[in-house]
Amino acid sequence: MMNHELKDQVTKALRDVSYPGMSRDIVSFGFVRSLEVDDAGRVEVVLEMSTHNPEAAEQVRREAALAAAGVEGVEAVNVALEMQRPARPARTQQAAMSQAVDLVPGVKHIVAVASGKGGVGKSTVASNLAVRLAHMGKKVGLLDADIYGPSLPTMFGITEKPQLDGETLLPFERYGVKVMSLGFILEIDTPVIWRGPMVVKALEQLLGDVRWGDLDLLIIDLPPGTGDAQLTLTQRVPLAAAVIVTTPQDVALIDARKGLAMFRKVNVPVAGIVENMSGLCCPHCGEVTHIFKSGGGERTAEVLGTDFLGSIPLDPAVVDSGDTGEPIVERDRKGVHAEAFGVVAQGVLDALTKHSRPKLTIV
């Protein structure tokens with residue numbers, strides 16, 4: 001293999017190495033200052049990083065060495081690491097970093113409820129999960145981060161505007177849950193036509209400028225998909241875990257896998273998968289009809305090596321309760337949906353114990 005061909009292969013291998021907590025690879029980040037390959041297959045790499053975290057930088061160096069050594073034709077590898085302590089950030093940068101750490105200082109755990117695509121009932125799951133956790137004695141907040149299609153105002157029956165205490169927004173409290181949404185602020189018919197940075201800024205304000213108080217959990221109903229807004233939010237907000245919502249049919253499961261992969265890419269623990277609309281129980285005869293197939297969520301969880309948190313039955317009562325502003329677990333506290341969401345809620349709590357970690361590390 002020619003030198004330039006081997007160098008290209010090594011470069012390609014290095015693109016599979018990323019800085020801990022980041023989604024981009026070390027090549028695109030510009031961490032690879034130089035890469036040389038001689039005729040004998042010896043590889044010399046120099047990494048240059050500006051970081052406060054030498055342990056993470058050393059991890060990158062080791063992974064880069066292993067990646068290069070795995071390329072066919074490479075006989076020896078030497079990866080040198082040059083670190084510089086970052087310059088003192090400007091005042092505005094320091095403020096932004098401080099805000100990222102202290103957006104919600106009284107919140108113990110932030111849990112994202114996400115889906116790879118829209119239309120799978122993600123907001124329904126997020127709202128009922130939050131209320132069910134409150135029934136279990138937890139102090140819970142719920143943030144509607146679906147900027148483009150906020151639905152929690154309808155699901156909680158809130159039509160008023162939030163009150164201000166100075167420059168701080170006061171969240172609404174319904175069914176034991178503190179709730180905040182951009183939908184409380186915008187007019188109903190006002191479309192949100194924002195680019196990614198504007199969305200992230202709005203979400204940071206909904207987190208940091210709201211008086212959440214002391215909470216055991218803050219549930220964030222994320223926008224559907226895996227775009228820039230979702231990625232940026234997962235890297236800015238100290239997420240303790242993510243819950244992936246899907247329906248049983250194959251097209252939804254494919255997108256659920258993408259959503260799960262996104263969280264793993266940015267080192268956010270995945271609590272597990274919830275299969276929504278898993279089966280329709282006939283109110284007359286009790287027979288269950290699997291309109292969207294069955295068992296797909298459980299099989300996907302097994303294949304992807306994550307927990308299956310539970311199935312939520314399909315029921316017209318869920319639709320009606322959402323439209324009338326009373327989540328189904330509140331309307332019928334002893335019904336099958338309350339039981340199903342209780343299983344999911346306990347699975348989330350168990351995952352938080354298993355994946356317990358510091359809220360956020362700034363590098």
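Side chains included, hydrogens not; waters and symmetry mates left out as well; all remaining heavy atoms used.
By the neighbour-count criterion of 12 heavy atoms within 6.0 Å, atom CD of Q163 is sparsely surrounded, having that number or fewer from other residues, nucleotides or ligands. Atom CD of E63 has more than 12 heavy atoms from other residues, nucleotides or ligands within 6.0 Å. Other residues, nucleotides and ligands contribute over 12 non-hydrogen atoms within 6.0 Å of the NZ atom of K178. More than 12 heavy atoms of other residues, nucleotides or ligands sit less than 6.0 Å from atom CD of Q59.
Side-chain contact between D144 and P153 is present, with at least one heavy-atom pair separated by less than 4.5 Å. Side-chain contact between L349 and L217: present, with at least one pair of heavy atoms (C-beta onward) separated by less than 4.5 Å. Looking only at side-chain heavy atoms (C-beta outward), H109 and V348 stay at 4.5 Å or farther from each other. Within the 4.5 Å cutoff, the side chain of V344 has heavy atoms near those of the I312 side chain. Residues H337 and N128 fail the side-chain proximity criterion, which asks for heavy atoms closer than 4.5 Å. Considering only heavy atoms from C-beta on, Y175 comes within 4.5 Å of E326 through its side chain. The closest side-chain heavy-atom distance from L143 to W212 is below 4.5 Å. Side-chain atoms of I244 and F263, non-hydrogen and from C-beta on, do get closer than 4.5 Å to each other.
One hydrophobic cluster holds both V125 and M136 under the rule that ILVMFWY side chains link at heavy-atom gaps under 4.5 Å. At a threshold of 4.5 Å between side-chain heavy atoms, the hydrophobic network of Ile, Leu, Val, Met, Phe, Trp and Tyr places L129 and V319 in two separate groups.
When the options V43, L35, V45 are evaluated for a side chain to side chain contact (heavy atoms under 4.5 Å, CB included) with V79, the one that passes is V45.
Note on D216 versus K108: salt bridge recorded, some NZ/NE/NH1/NH2 to OD/OE distance being below 4.0 Å.
Rounding to the nearest 0.5 Å gives a distance of 5.0 Å between NZ of K7 and CD of E36.
Contact between A13 and A67 at its shortest, heavy atoms only, is CB-O, 3.6 Å. Minimum interatomic distance between A271 and A351 (heavy atoms only, all atoms of both residues): CB-CB, 3.6 Å.
Aromatic rings from F172 and F156 are positioned such that their centres are separated by 6.0 Å or more.
A donor-acceptor pair under 3.5 Å links the side-chain atoms of K122 to the main chain of L222, judged by distance alone. Remark: side-chain polar atoms of R132 are paired, donor with acceptor, to backbone N or O of A338 under 3.5 angstrom.
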- Item | Evaluation steps, side-chain contact (heavy atoms from CB on, under 4.5 Å), between D221 and M155 | CA-CA 13 Å; D221 179 14; M155 291 186 170; over 6 Å; no

